[in-house]
Amino acid sequence: MADDKVPYAAGPANSRGRQFREPAPRGRSEYQRDRDRIIHSTAFRRLEYKTQVFVNHEGDLFRTRLTHSLEVAQIGRSVARHLRLDEDLTEAITLAHDLGHTPFGHAGQDALNACMKPYGGFEHNLQSLRVVDVLEQRYGAFDGLNLTFETREGILKHCSLNNARNLGDIGERFIKRQRPGLEAQIANLADEIAYNNHDIDDGLRSGLLDLEQLSTVAIFRRHQRAVLREFPKIEGRRQVHETVRRMIDTLITDLNRQSAASIRDLAPESIADIRRAPALIRFSDRIRDEQAELKRFLHSNLYRHYRVSRMSSKARRIISDLFQAFMNEPGLLPPEFQARAQADTPRAIADYIAGMTDRYAIVEHRRLFSIDIS
Ligand code: MG
């Protein structure tokens with residue numbers, strides 16, 4: 001694989017390395033080592049019990065952050081391979097991209113951000129970086145996972161200029177308004193392909209969406225019609241799956257084709273050329289517009305469905321109750337977070353809450369607020 005890569009792919013010759021020097025890995029590349037460290041981390045295992053859209057206990061078949069991350073990795077690898085980039089780096093970034101997510105999906109993130117407003121805010125991208133840089137404590141020589149610059153840069157998808165100034169080399173590109181390497185750009189769009197499609201699937205499975213509604217969305221309608229032409233009697237889950245798998249295929253194929261064309265037009269010779277150029281990993285205009293339509297549909301019909309809103313409202317209450325309780329009495333925090341709280345109480349509380357799984361947050365809330373003495 002290494003020899004087939006294009007000159008602007010990430011690799012040993014142009015890596016900016018790790019924060020702490022370590023001997024080179026044996027039998028695997030530096031990015032494979034990053035991926036392996038991510039998979040072995042505690043934060044990665046917790047993704048299994050964190051909400052994507054549906055709270056973890058609502059059903060066994062819905063996506064969680066873990067299965068979402070695996071789908072993103074699969075899509076990302078396909079595109080990276082097609083474009084002869086570094087598949088392992090894309091995989092490492094995709095597997096780590098949601099490590100900093102709070103319990104209860106975006107509702108949890110919004111609530112924690114609101115609580116943290118006076119203390120520097122809370123942002124899940126930045127928190128993912130914090131998990132791999134600081135919070136994981138597994139190695140003798142350093143805190144965090146000591147990942148390569150390229151993986152860390154890919155994890156930090158966006159951040160405010162203010163935060164960028166405090167991040168040193170990793171924040172540089174936001175200040176210079178540059179792009180990250182192509183492996184990171186792929187991870188970004190692989191995320192979008194994965195969630196748009198699995199949210200359709202989960203939305204239908206949950207009964208919050210129906211096929212009739214979805215047929216108003218161009219990209220779904222087009223693929224559904226093709227399925228029905230080929231299999232006139234196909235019904236139910238099989239029809240949904242046959243339609244969604246074709247959509248994913250269309251999106252990946254379009255992304256491959258359009259990105260290859262924009263790379264060809266630029267004819268980059270190095271990663272530096274990629275960084276200075278506009279984003280090269282992209283969809284064709286038609287697919288981009290269709291994706292935007294689908295996103296709008298999911299926003300108004302799924303993410304703002306009253307049943308999802310009820311869950312989100314409860315989630316926000318749980319998060320802000322927990323935050324307030326710990327702010328009032330930091331002595332309620334587990335010992336390792338009390339030690340952190342001495343330096344920065346709100347940040348230590350945010351780290352503790354962000355690390356919780358959905359069910360842990362529910363149990364912790366019950367422990368602190370239930371008036372049953374048992
Ligand atoms: Mg994601």
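Note that ligands are numbered from 1 as they come in the structure, with each ligand's atoms numbered from 1 the same way. Hydrogens, waters and symmetry mates play no part in the numbers below; they use all other heavy atoms, side chains included.
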Kindly give the atom name of the N, O or S atom of Asp98 closest to the Mg ion (ligand 1).
-> OD2

Restricting to N, O or S atoms of Asp191, which is nearest to the Mg ion (ligand 1)?
->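 The closest N, O or S atom of Asp191 to the Mg ion (ligand 1) is OD1.
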
Tyr119 vs Phe323 aromatic rings, parallel, tilted or perpendicular, using cut-offs 30° and 60°?
-> tilted

Name the orientation class of the two ring planes belonging to Phe20 and Phe142 (parallel below 30°, tilted from 30 to 60°, perpendicular beyond 60°).
->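 Phe20 vs Phe142 ring planes: parallel.
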
Side chain to side chain contact (heavy atoms under 4.5 Å, CB included) partners of Gln338, counting only residues at least two apart =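 Result, side chain to side chain contact (heavy atoms under 4.5 Å, CB included) vs Gln338: Leu333.
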
Would you be so kind as to tabulate the donor-acceptor pairs closer than 3.5 Å made by side chains of residues 157-164, with sequence neighbours excluded?
unit_1 : atom_1 : unit_2 : atom_2 : d
Lys157 : NZ     : Asp191 : OD2    : 3.3
His158 : NE2    : Asn125 : ND2    : 2.9
Ser160 : OG     : Asn163 : N      : 3.2
Ser160 : OG     : Asn163 : ND2    : 3.2
Asn162 : OD1    : Arg165 : NH1    : 3.4

Give a yes/no answer: is there an N/O/S atom of His68 under 2.8 Å from the Mg ion (ligand 1)?
-> yes

